[in-house]
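Scroll down for the structure; my scribbles are underneath it.
For the single chain, residues carry numbers from 1 onward in sequence order. Remember, it's a predicted structure, so these values are computed and weren't measured experimentally.
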Amino acid sequence: MKRKNMRKRCLTACLAASLAVFGFGGCAGVEPEMRAYPMAVSADWQNEEYVIIYGMADLPVDTGQGKDAQESGQEQNTGTVFRGKDMDEIHSLYDATQEYELDLGHVQAVILGDSLLEREEAVRYLFDYMENSVVLGKSAYLFRMDDPSRLMELNSDGTIGNYLTGLYDNRSGAERDQPLTLENCFYEWNNYRRLPEIPRVTVEDGQIFLEKTVNEV
C-alpha cells in the first residue's frame, strides 16, 4: 500500500508538471483545465465496429481542485462508450459530444477485449494506430479481458490505470511477474506477426484479479 501511494503521488506530481507545461506553452490552443486525461483505455469489437472506453483521471481530486471544479461544473466525463468503424470515426464522435479535449499522454493501461483479439484484421489496424501515435506512451501496460466494459465501470474515481499497474508494482520477489508493455508487444507483432502472452484481468464481485493466459490470434 505504501508503494502504491508513493506511485500515485509521483503520478499526481507528473500530471501537475504537465499541466504547468501546457499552461506556458499551450497545446493546440487548448487550456489544460479543458483537457481530459485517460489513465486507462479499453478497446473491444462488437457488431463489426470498435468499442472504445476512456477511463479518465480524476484531475480535480488529484490536483486539489475538486471543490472548485465541481462547483463550476467541470467534472470530466468518464466511462462513455464510443463506437466506430475506425479510430478516426471514434475521435470525431468524441470531439462532437465531449466538452474536454482528449489527451492520451498519460495512459498507463490498455485493455483489449477477447472479441477484438479474435479479429486479426481489427487487431492489426489498432496496433498500427497505437504504434504510430506520437502521444500514446509505449510504456503503458497491456491487458486482456472477456468484457472490458465491466472493468471500466469501476473507474468512477479515476484510479483504474493506477490500480492495474499497481497489481505488478506491489508484488516482490518470486511473486512478481514482468508486465507486458505496448513497446514489447509491438516488437513481437512487427518481427513475428504474432501477439505475446497478454496478462488477463477478471472482475468478480467488484474485485479485480490478474492472471495469465496464452493468447492466440
Looking only at heavy atoms, which two atoms of Met56 and Tyr94 are closest? And how far apart?
CE-OH, 3.8 Å
Are the side chains of Met39 and Gln108 in touch, meaning some heavy atoms are under 4.5 Å apart?
yes
For the pair Glu48 and Arg119, find out whether any cationic side-chain nitrogen is under 4.0 Å from an anionic carboxylate oxygen.
yes
Roughly how far, to the nearest 0.5 Å, is CD of Gln98 from NE2 of His91?
13.0 Å
Locate the shortest heavy-atom distance separating Asp88 from Tyr125; write the atom from each residue and the value.
N-OH, 4.1 Å
Please step through side chain to side chain contact (heavy atoms under 4.5 Å, CB included) for the pair Leu154 and Tyr163, ending with a clear verdict.
CA-CA 11 Å; Leu154 302 178; Tyr163 187 89; over 6 Å; no
Answer whether the closest heavy-atom distance between the side chains of Tyr100 and Met34 falls below 4.5 Å.
yes
Are Phe82 and Thr97 packed together at the side-chain level, in the sense that at least one heavy-atom pair is separated by less than 4.5 angstrom?
yes
Same apolar cluster (I L V M F W Y, side chains within < 4.5 Å links), Val135/Met130:
yes
Could you tell me whether the side chain of Leu116 reaches within less than 4.5 Å of the side chain of Tyr50, counting heavy atoms only?
yes
Between atom CG of Leu164 and atom CG of Asn162, what is the distance when rounded to the nearest 0.5 Å?
9.0 Å
Could you tell me whether the side chain of Asp205 and the main chain of Gln207 form a donor-acceptor pair under 3.5 Å?
no
Donor-acceptor pair between Thr181 and Asn184 side chains, under 3.5 angstrom
yes
Heavy-atom side-chain contact between Leu136 and Val41 under 4.5 Å
no
Same cluster (ILVMFWY, side-chain, under 4.5 Å), Val81 and Ile160
yes
Are more than 12 heavy atoms from other residues, nucleotides or ligands located less than 6.0 Å from atom CD of Glu188?
yes
Heavy-atom side-chain contact between Val201 and Ile111 under 4.5 Å:
no
How close do Asp86 and Glu89 get, counting heavy atoms only, and between which atoms?
OD1-N, 2.8 Å
Minimum heavy-atom separation for Glu49 and Gly84, please, with both atom names.
CB-O, 3.4 Å
To the nearest 0.5 angstrom, please state how far the OG1 atom of Thr202 sits from the CZ atom of Arg144.
12.5 Å
Check: Tyr54 and Asn155 side chains under 4.5 Å, non-hydrogen atoms:
no
Hey, could you give me each pair passing salt bridge (Lys or Arg N to Asp or Glu O under 4.0 Å) that has a residue in residues 127-140? Not counting sequence neighbours.
none
Supply the atom-to-atom distance Met145 CE to Met152 CE, rounded to the nearest 0.5 angstrom.
10.5 Å
Side chain to side chain contact (heavy atoms under 4.5 Å, CB included), that's the test. Do Val123 and Leu112 meet it? Break it down for me.
CA-CA 9 Å; Val123 171; Leu112 304 180; 5.9 Å; no
Atom CG in Asp114, atom CH2 in Trp45: separation rounded to 0.5 Å?
15.5 Å
Kindly give the heavy-atom pair with the smallest separation between Ser115 and Asp44, and that separation in Å.
CB-OD1, 3.5 Å
Which heavy-atom pair separates Ala43 from Pro148 by the least distance, and what is that distance?
O-CG, 4.3 Å
Taking ring pair (Phe, Tyr, Trp, His ring centres under 6.0 Å) as the definition, give me every residue that meets it alongside Phe143, ordered by chain and number, with sequence neighbours left out.
none
Answer whether the closest heavy-atom distance between the side chains of Leu210 and Tyr168 falls below 4.5 Å.
yes
Calculate, to the nearest 0.5 Å, the distance between atoms CG and CG belonging to Leu195 and Leu142 respectively.
8.0 Å
